Participant: 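Structure below; questions to follow.
What you are looking at is a predicted structure, and each value in this text was computed from that prediction instead of being measured.
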Amino acid sequence: MSTHPTDASRHRIGVVGLGGYLPPRVRGNSEVARAAGVSPEWISERTGVHARHVAAPGQAASDLATAAVRAATEAAGIEPGDLSLLICATSTPDELGPATACRIQAALGAQRAVALDVSAACSGWLFGTKVAHDWLAGSERPGYAAVVGVEAYSKFLDPTDRATSVLFADGAAATVLGPVPDPYGFTDFALGSDGTRADYVLIPAGGSRMPADTGTLRGGAHQIRMDGRAVSHFMDEIFPRIVADALDRNGLTVEDIACLACHQPNPAALRRLTAHVGVPADRLVVIGDRVGNIGAASAPYALATAAARNLLHPGDRVLLTVFGAGMTWGTALLHWSGARAVGLDTAPTPTDTDDERLPTS
């Protein structure tokens with residue numbers, strides 16, 4: 001599904017504030033490698049990940065997301081009570097029901113906000129952003145919406161599975177959308193899905209197809225399972241195509257893009273793919289090396305990092321690119337109007353030799 005830039009809308013909608021939250025506990029490659037039966041160097045070379053944050057036993061996805069939304073509203077200069085819409089994108093909800101967004105709404109005191117979840121795995125934040133954009137653009141009065149991507153993957157990992165335990169991590173990132181002057185804001189969206197590949201990445205048990213019982217618990221069916229080879233082939237296939245489609249649809253070239261903010265399942269693969277499509281290395285925002293794969297939070301955390309590092313200037317074109325389980329994918333073109341970012345970790349990327357100095361509590 002695509003939305004052409006010429007589609008009419010009542011208001012120009014863009015990003016007016018960004019926020020992030022990472023739990024303080026950090027797992028370095030030495031710790032992860034021991035359980036996964038590999039070396040720290042193997043993890044670094046294969047994935048490019050050096051550290052990942054881990055939620056505390058009592059922290060749920062809504063706790064991480066609440067902190068990120070609070071930071072984003074602060075950055076936007078508004079109160080949570082000013083929000084008219086709150087969307088949470090996650091694959092690791094607090095419960096199967098109600099919506100995790102309702103937990104976040106209650107914690108924030110955002111009484112005026114309609115709260116709902118979007119489930120599109122690692123693509124979820126961009127899918128939610130499309131919903132929020134159209135909601136605001138079609139409203140009679142200007143308003144604000146928060147879209148937060150959050151994952152608490154550590155609650156669903158088998159530490160001995162090297163395909164998943166070395167990559168997945170916990171974190172949240174939020175954007176506040178609101179009115180911006182012409183010609184700024186979102187000017188193009190394209191989203192897609194292919195359900196025939198839904199088994200590539202999933203948590204098999206716990207839903208209506210395979211309800212929880214003693215057998216699913218014994219079999220580890222409540223943990224993330226991933227066909228790494230199939231996912232890698234999917235990335236190689238989809239990423240060049242959706243980048244090329246986004247540029248062609250808008251009459252642009254790679255040189256017109258000031259910043260590429262992507263989902264980051266594997267920083268090493270992402271750098272390879274962006275080089276293949278001709279994106280200069282200095283225009284790609286890489287955050288997966290120090291936070292791992294934080295799923296629906298990855299792309300907004302990358303965008304917020306670019307803002308926090310002053311890599312973006314009003315008028316810059318940002319290409320947002322996501323892909324994830326389902327399988328799902330999407331792009332959006334954002335004409336940057338300028339926005340603050342709050343709550344971001346912008347420290348240098350740790351290395352495997354830094355493990356002993358990483359915070360662990």
Participant: Going by salt bridge (charged side-chain N to carboxylate O under 4.0 Å, His left out), Asp188 matches just one of Lys130, Arg249, Arg317. Which one?
Facilitator: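 Result for salt bridge (charged side-chain N to carboxylate O under 4.0 Å, His left out) with Asp188: Arg249.
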
Participant: Got Leu167 and Met226 here, is their nearest side-chain heavy-atom distance under 4.5 Å?
Facilitator: yes

Participant: Between Asp117 and Ala99 (side chain of the first, backbone of the second, donor and acceptor by atom type, cut-off under 3.5 Å), is there such a pair?
Facilitator: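 Side chain of Asp117 to backbone of Ala99, a donor-acceptor pair under 3.5 Å: no, none is there.
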
Participant: Please state whether the rings of Phe323 and Phe239 are parallel, tilted or perpendicular, taking 30° and 60° as the class boundaries.
Facilitator: perpendicular

Participant: Do NZ/NE/NH1/NH2 and the carboxylate oxygens of Asp248 and Arg241 come within less than 4.0 Å?
Facilitator: no

Participant: Judged by atom type as modelled, is there a donor-acceptor pair below 3.5 Å linking the side chain of Glu151 to the main-chain atoms of Ser91?
Facilitator: yes

Participant: What distance separates Met327 CE from Asp199 CG, expressed to the nearest 0.5 Å?
Facilitator: 11.0 Å

Participant: Do the side chain of Arg25 and the main chain of Ala56 share a donor and acceptor less than 3.5 angstrom apart?
Facilitator: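 It does not hold such a pair.
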
Participant: Under 4.5 Å between side-chain heavy atoms, chaining through other members, with only Ile, Leu, Val, Met, Phe, Trp and Tyr counted: pull out the rest of the cluster around Val54, sorted by chain and number.
Facilitator: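 Traced through the cluster, Val54 reaches no other member.
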
Participant: I'd like to know if the side chain of His11 reaches the main chain of Pro179, judged simply by a donor and an acceptor atom lying under 3.5 Å from each other, with no hydrogens or angles considered.
Facilitator: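 Here the side-chain-to-backbone pair does not exist.
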
Participant: Can Thr175 and Trp125 be counted as having a side-chain donor-acceptor contact under 3.5 angstrom?
Facilitator: yes

Participant: For a 4.5 angstrom cut-off between non-hydrogen side-chain atoms, does Asn293 reach Ser298?
Facilitator: yes

Participant: Verify side chain to side chain contact (heavy atoms under 4.5 Å, CB included) between Val180 and Val16, making sure each step is shown before the conclusion.
Facilitator: CA-CA 8 Å; Val180 295; Val16 298; 3.9 Å; yes

Participant: If you measure only the distance, is there a donor-acceptor pair under 3.5 Å linking the side chains of His263 and Ser123?
Facilitator: no

Participant: Under 4.5 Å between any side-chain heavy atoms of Asp194 and Phe234, yes or no?
Facilitator: no

Participant: Tell me whether Val147 is reachable from Leu191 by hopping between hydrophobic residues (I, L, V, M, F, W, Y) whose side-chain heavy atoms are closer than 4.5 Å.
Facilitator: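 Same cluster: Leu191 reaches Val147 through Ile, Leu, Val, Met, Phe, Trp or Tyr contacts under 4.5 Å.
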
Participant: Could you check whether any side-chain N or O of Lys155 sits under 3.5 Å from a backbone N or O of Ala60, counting only pairs where one atom can act as donor and the other as acceptor?
Facilitator: no

Participant: Give a yes or no on whether the backbone of Leu320 and the side-chain of Thr331 come within a donor-acceptor separation of less than 3.5 Å.
Facilitator: no

Participant: Judged by modelled atom types alone, do Asn250 and Thr187 share a side-chain donor-acceptor pair under 3.5 Å?
Facilitator: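 On atom types as modelled, these side chains do not qualify, holding no pair under 3.5 Å.
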
Participant: Using a strict cut-off of less than 4.0 Å between a Lys/Arg side-chain nitrogen and an Asp/Glu carboxylate oxygen, indicate whether Arg283 and Glu255 qualify as a salt bridge.
Facilitator: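 Yes, Arg283 and Glu255 are salt-bridged.
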
Participant: Quick one: are Phe189 and Leu126 in side-chain contact, heavy atoms under 4.5 Å?
Facilitator: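 Yes, at least one pair of side-chain atoms sits under 4.5 Å.
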
Participant: Output every pair passing salt bridge (charged side-chain N to carboxylate O under 4.0 Å, His left out) with a member in residues 89-100, not counting sequence neighbours, ordered by first then second residue.
Facilitator: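 As it turns out, the salt bridge (charged side-chain N to carboxylate O under 4.0 Å, His left out) pairs with a partner in residues 89-100, which skip direct neighbours, are Glu95-Arg103.
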
Participant: Cluster question for you: counting only ILVMFWY and a side-chain heavy-atom cut-off of under 4.5 Å, with indirect links fine, are Ile287 and Val342 together?
Facilitator: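 No, because Ile287 and Val342 fall into different hydrophobic clusters, even though each may have its own neighbours under 4.5 Å.
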
Participant: Within the distance-only criterion (no hydrogens, no angle test), does the side chain of Thr66 pair as donor or acceptor with the backbone N or O of Ala107 below 3.5 angstrom?
Facilitator: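 It does not hold such a pair.
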
Participant: Counting only N and O atoms by type, is there a donor-acceptor contact under 3.5 Å from the side chain of Asp170 to the main-chain atoms of Tyr153?
Facilitator: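 Present.
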
Participant: Step through the shown structure and confirm whether more than 12 heavy atoms of other residues, nucleotides or ligands are within 6.0 Å of CD on Glu79.
Facilitator: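 Atom CD in Glu79 is not packed in, count stays at 12 or less.
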
Participant: Quick one, His50 and Ser44 - any side-chain contact, counting heavy atoms below 4.5 Å?
Facilitator: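 In short, these two side chains touch, coming nearer than 4.5 Å.
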
Participant: In Å, rounded to the nearest 0.5 Å, how long is the span from CG of Leu273 to CD1 of Ile238?
Facilitator: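 The CG atom of Leu273 sits 11.5 Å away from the CD1 atom of Ile238.
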
Participant: Rounded to the nearest 0.5 Å, what's the gap from CD1 on Ile13 to CG on Leu334? Could you check?
Facilitator: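 Spacing of CD1 (Ile13) from CG (Leu334) equals 12.0 Å.
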
Participant: Distance from Thr216 atom OG1 to Gln223 atom CD, nearest 0.5 Å?
Facilitator: 10.5 Å

Participant: Donor-acceptor check, side chain of Thr90 to backbone of Thr92, threshold 3.5 angstrom: yes or no?
Facilitator: yes

Participant: In the single-linkage hydrophobic clustering (I, L, V, M, F, W, Y; side-chain heavy atoms under 4.5 Å), do Ile224 and Val32 co-cluster?
Facilitator: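 Ile224 clusters together with Val32.
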
Participant: Let me confirm one number: the CH2-CG distance from Trp336 to Leu312, rounded to the nearest 0.5 Å.
Facilitator: 5.5 Å

Participant: Check the side chains of Arg271 and Asn266 for a donor-acceptor pair under 3.5 angstrom, ignoring hydrogens and angles.
Facilitator: no

Participant: Test of understanding: clusters of I, L, V, M, F, W, Y form through side-chain heavy atoms closer than 4.5 Å, transitively. Do Phe168 and Leu270 belong to the same one?
Facilitator: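 Per the 4.5 Å side-chain linkage, Phe168 and Leu270 are co-clustered.
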
Participant: According to a 4.5 Å side-chain heavy-atom criterion applied to Ile, Leu, Val, Met, Phe, Trp and Tyr, with indirect links allowed, do Leu83 and Trp135 form part of one hydrophobic cluster?
Facilitator: no

Participant: Could you tell me if the side chain of Val285 sits less than 4.5 Å from the side chain of Cys259, heavy atoms only?
Facilitator: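 Heavy-atom side-chain distance check passes, below 4.5 Å.
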
